[in-house]
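Take a look at the structure set out below.
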Amino acid sequence: MITKDFQLKPNTARIQNDIETLAKLVDLTKPGWTRRPFTRWYEESREWLKNEMTKYGLEVSIDSASNLIGRIPGKEEGLAPIMIGSHTDTVMGGGRFDGIIGVVAGLEIARRIKEENIQLRHPLEIVDFTAEEPSEFGISTIGSRGMVNNLTDDMLQRKDPSGLILKEGIRQMGGHPERIRQQARNEGDVALYLELHIEQGPVLEQNNKKLGVVTGIVGIQRYRVIVEGRPNHAGTTPMNMRLDALPGASELILALENICNETYSEQVVGTVGKLNVEPNGSNVIPGRVVFDLEIRSLETELMEQIMNRLIERGQSIESLRGLSISFDCLSKSEPIRVNSRVIDTVKKGCEQTAETITLPSGAGHDANQLAKIAPIGMIFVPSKDGRSHCPEEWTSYEDVALGVEALARSLILFDN
Ligand code: GLV
Ligand code: MN
Ligand code: MN
């Protein structure tokens, strides 16, 4: 039942101001709202956040994986913290809300707690996780992986196209990569992880509901595929004497679409969103194509089956076309199902705030990583026209504020 009175009601104007302030700290030479991790704009937004946390009396620190953390102590000695977090990095050409509202939600709840002079039983930690989106290192959720000891040495040694080693990027952001393993949090170190996020899909809007309680989050498997052929003159090389890498890559990409379009026990989606053709000349037969593919589902088994079928398909394309095709796994994240007791409590917090439904998440989140060590709960607010990862991404500030209120109510229910 919706109840109007709530001591921690968020300040909508302040939330709007936070989102608009962060929307200015972006790379203006890039489309939409672009704030890639390990850039000047990312550091500036971190600086702003840090100042805002300090202004309201939070204890601010940066952990070894370079996550920014603001903490309010709890009144009961020895209780593990409740954590609220998300990310402030964006995809290239992204929007103003993905990840950002989750961090702003944490900040606003902390500010309201301070203003109302409330003391929770649990310590509260507000986290801006480093680099949640796929980075130039081919890895996503870097900070949350680090926090739960799921960032391997191999990942830390990866280089981005400019030659920066991930380890050094983390150091630049104030982290200590050599201490990540030792300082990682283990089961029991976090009492509960909560995240507010935009839905990034059309379900809430279509159902005319303001809040969604997340029941599960897809796992994501990402691969880099290299198709090697032979570059040659586009005019003088007869059709039957070519080793053209691009039609081979195209066949494989179409196979991914066809395989994912089949009917399974769970929905499966497959995407190739990044592709490089070499040498990329209009009169040169492509000698090499490199592309990144990802598969998502709530069932790990399904993703494995689909990948196996695709690799088999690659082998037949190789032999039919005389090409060489390799698949290099960039990362895998596990799907998660949210524990039903957490769903019930978050739902209660949401239902006190606005009309609510439950739904799974097709997007990955830092919550996938935190689920390795703690129970997690997530709340979605509507995305206009179901758009996200594009400049058109939009959620009204009133809807964001409803999400913040629902998150704060859930926090209080859990704390008690
Ligand atoms: C994160 O935004 C993802 O789902 O790729
Ligand atoms: Mn995203
Ligand atoms: Mn996100």
Side-chain angles (χ1 to χ4, degrees), residues 1-10 71-72 74-76 78-86 101-110 112-113 116 118-127 144 148 185 187-199 203-204 207 209-217 298 335-361 363 365-382 399-416:
M1 201 191 50
I2 296 170
T3 49
K4 289 262 179 287
D5 283 345
F6 180 51
Q7 193 184 3
L8 291 181
K9 265 228 187 289
R71 184 179 167 102
I72 300 178
K75 66 178 166 215
E76 273 182 39
L79 286 184
I82 297 180
M83 187 178 275
I84 294 179
S86 200
I101 72 155
V103 176
V104 166
L107 177 63
E108 176 60 13
I109 291 171
R112 293 293 298 123
I113 286 176
E116 295 294 321
I118 288 174
Q119 222 193 347
L120 299 180
R121 289 174 57 230
H122 296 78
L124 177 66
E125 292 188 339
I126 311 303
V127 186
S144 47
V148 304
R185 312 232 190 168
E187 220 171 317
D189 290 346
V190 174
L192 174 74
Y193 174 76
L194 292 173
E195 184 168 350
L196 174 71
H197 207 280
I198 53 168
E199 182 204 331
V203 177
L204 285 171
N207 284 276
K209 294 285 190 294
K210 293 297 188 191
L211 297 170
V213 180
V214 175
T215 52
I217 310 179
L298 284 166
I336 57 168
R337 311 262 175 188
V338 182
N339 146 349
S340 61
R341 279 176 45 214
V342 175
I343 292 178
D344 289 346
T345 308
V346 173
K347 204 160 155 225
K348 206 159 147 192
C350 286
E351 283 170 346
Q352 290 169 351
T353 312
E355 281 201 85
T356 302
I357 53 171
T358 56
L359 77 175
S361 172
H365 299 288
D366 292 303
N368 289 69
Q369 297 301 322
L370 269 291
K372 294 191 188 314
I373 60 148
I376 71 104
M378 279 195 81
I379 297 174
F380 281 170
V381 286
D399 286 358
V400 175
L402 286 176
V404 178
E405 180 176 333
L407 197 75
R409 286 181 187 265
S410 308
L411 167 70
I412 299 298
L413 289 171
F414 281 112
D415 188 56
N416 290 331

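Atom OG1 of Thr215 and atom CG of Asn339 lie 12.5 Å apart (nearest 0.5 Å). Separating the CG atom in Leu196 from the CD atom in Glu108 is a distance of 12.0 Å, to the nearest 0.5 Å. Note that the CD1 atom of Ile118 and the CD1 atom of Ile113 stand 6.5 Å from one another [nearest 0.5 Å]. Note that the CD atom of Glu195 and the NE2 atom of His365 stand 6.5 Å from one another [nearest 0.5 Å]. To the nearest 0.5 Å, atoms CD1 (Ile198) and CD1 (Ile379) are separated by 15.0 Å. Atom OG of Ser410 sits about 12.5 Å away from atom NZ of Lys347, to the nearest 0.5 Å.
In Glu116, the CD atom is crowded: over 12 heavy atoms of neighbouring residues, nucleotides or ligands sit closer than 6.0 Å. Counting non-hydrogen atoms of neighbouring residues, nucleotides and ligands closer than 6.0 angstrom, the NZ atom of Lys209 exceeds 12 such neighbours. The local environment of NZ in Lys372 is crowded, with over 12 non-hydrogen atoms from other residues, nucleotides or ligands closer than 6.0 Å.
Of all heavy-atom pairs spanning Ile126 and Leu107, the tightest one is CG2-N, 3.8 Å. Of all heavy-atom pairs between Val338 and Gly216, the closest is CG2-N, 4.0 Å. Among all heavy-atom pairs drawn from Gly377 and Val342, the shortest one is CA-CG1, 3.8 Å. Taking every heavy atom of both residues into account, Leu402 and Thr353 meet most closely at O-CG2, 3.5 Å. The two residues Ala374 and Val190 have their closest heavy-atom pair at CB-O, 3.5 Å. Cys350 and Leu211 get closest at one heavy-atom pair: O-CD1, 3.5 Å.
The main-chain N or O of Ile343 is never found under 3.5 Å from a side-chain atom of Thr345 such that the two would form a donor-acceptor pair. Side-chain atoms of Arg185 do not come within 3.5 Å of backbone N or O of Leu370 as any donor-acceptor pair. Of the possible polar contacts, none joining the Tyr193 side chain to the Ala371 backbone as a donor-acceptor pair under 3.5 Å is found. Side chain of Arg121 to main chain of Asp415: a donor-acceptor pair is present (N/O by atom type, distance under 3.5 Å, no hydrogens or angles). With hydrogens and angles disregarded, a donor-acceptor distance shorter than 3.5 Å links the side chain of Glu199 to the backbone of Leu204.
Look at Arg71 and Glu125 and you find a salt bridge, because one of the NZ, NE, NH1 or NH2 atoms lies within 4.0 Å of a carboxylate O, short of that distance.
The side chain to side chain donor-acceptor pair (under 3.5 Å) check on Gln369 picks up Asn150, with sequence neighbours excluded. Checked against side chain to side chain donor-acceptor pair (under 3.5 Å), Ser340 has no partners two or more places apart in sequence or in another chain. For Lys9, the side chain to side chain donor-acceptor pair (under 3.5 Å) criterion is met by Glu405, not counting sequence neighbours.
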Inset, instruction - Starting from the C-alpha separation in whole Å, work towards a yes-or-no answer on side-chain hydrogen bond (donor to acceptor under 3.5 Å, both in side chains) for Thr3 and Gln352. - result: CA-CA 5 Å; Thr3 49; Gln352 290 169 351; 4.9 Å; no
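The shortest distance between side-chain heavy atoms of Leu194 and Phe414 falls below 4.5 Å. Leu79 places a side-chain heavy atom less than 4.5 Å from the side chain of Pro123. Annotation: side chain of Leu411 is not in contact with side chain of Leu8 (no heavy-atom distance under 4.5 Å).
Among Leu192, Ile217, Asn368, the one residue that satisfies the side-chain contact (heavy atoms from CB on, under 4.5 Å) test with Ile376 is Ile217.
Side-chain contact, Thr356 with Glu351: no donor N or O sits under 3.5 Å from an acceptor N or O.
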